[in-house]
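Comments concern the structure below.
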Amino acid sequence: MKITFLGTGTSQGVPIIACTCKTCKSPYAEDKRLRSSILVENNEFCIIIDTGPDFREQMLRENVNKLDAVLFTHEHRDHIAGLDDIRAYNYILRKSMDVYGEERVFRFLQLEFPYIFTEKKYPGVPEINFHTIDAEPFRIGNMIIQPVRAMHYKMPVFGYRIGDFAYITDANQVPETEKEKLKDLKVFIVCALRKKQHISHYTLNGALGLIHEIKPETSYLTHISHQMGLHNEIQKELPENVFLAYDGLKVEI
Ligand SMILES: [Zn+2]
Ligand SMILES: [Zn+2]
């Protein structure tokens with residue numbers, strides 16, 4: 001299985017429009033972060049977790065010619081805004097896209113993208129097969145996906161475990177019972193917004209605390225704010241086997 005970090009930034013991305021801070025003005029590629037999303041590929045299937053506002057640019061950058069499914073973590077704009085561009089795959093692959101998320105996400109998508117879900121469709125709009133999921137594991141081709149519940153302050157979101165790998169973003173808490181699903185991971189990806197406290201995202205210390213508890217072999221931090229600081233400086237402060245992710249990073253499992 002191969003994971004590609006399509007984007008590792010928080011909702012506004014890094015740099016932020018018009019911001020003149022040290023991170024936003026950094027000349028280094030690692031400090032340029034599109035909105036968070038990952039691509040998960042095995043020998044047969046290729047799925048994306050979340051389609052943020054940078055979806056089109058990310059697919060072009062990584063030359064993704066085939067996409068089998070979309071998984072949504074939650075319905076915040078920085079995770080869904082690129083859904084319209086899924087139609088490129090409808091045309092090329094000549095099929096509708098399988099999209100997975102919980103019932104609440106589905107209801108929100110219907111409000112945000114009414115033209116996708118109306119009976120009489122304008123020609124060329126995205127074609128989507130929405131699959132409503134709950135806590136039960138489900139299958140996409142030869143991948144078994146285990147949803148993992150996490151809390152984004154008061155909003156329940158889904159992280160996903162696929163084999164020895166798990167991805168949780170936009171959370172600041174994982175219920176004790178759900179931590180069982182995060183045992184014996186080879187690779188764990190979790191959000192870490194910044195050092196300073198935040199109401200709905202893990203801070204750097206919060207993410208490191210969770211990593212310490214569940215003890216994956218290797219961990220990557222994502223959904224990073226400009227307030228975290230420079231990639232190279234923060235990386236030096238991290239424990240062994242914990243890495244700040246950056247856009248374009250690829251991890252083989
Ligand atoms: Zn987000
Ligand atoms: Zn969010």
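Small disclaimer: the values here were computed from a predicted structure and weren't measured. Counting convention: from 1, in listed order, for ligands and their atoms alike.
- With contacts defined as side-chain heavy-atom distances shorter than 4.5 Å, the pair L71/F138 qualifies.
- Counting heavy atoms of neighbouring residues, nucleotides and ligands inside a 6.0 Å radius, atom NE2 of H131 exceeds 12 of them.
- Our summary of the site lists the angle at the Zn ion (ligand 1) between NE2 of H79 and NE2 of H223 as 100°, to the nearest 10 degrees.
- Within D78, OD2 is the N, O or S atom that lies nearest to the Zn ion (ligand 1).
- Not one N/O/S atom of H201, from backbone or side chain, sits under 2.8 Å from the Zn ion (ligand 2).
- Relative to the six-membered ring of Y246, K32 misses at least one condition, a distance below 6.0 Å or an angle of at most 45° to the axis.
- Atom NZ of K66 is surrounded by more than 12 heavy atoms from other residues, nucleotides or ligands within 6.0 Å.
- At least one N/O/S atom of D170, from backbone or side chain, sits under 2.8 Å from the Zn ion (ligand 2).
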Yes or no on ring-ring contact (aromatic ring centres under 6.0 Å, His included) for F165 and Y220, after CA distance, side-chain angles and deciding distance? CA-CA 11 Å; F165 142 78; Y220 295 88; 9.6 Å; no

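- Between H152 atom NE2 and H76 atom ND1, the angle centred on the Zn ion (ligand 2) amounts to 90° (nearest 10°).
- Within the coordination shell of the Zn ion (ligand 2), defined by N, O or S atoms under 2.8 Å, H74 is present.
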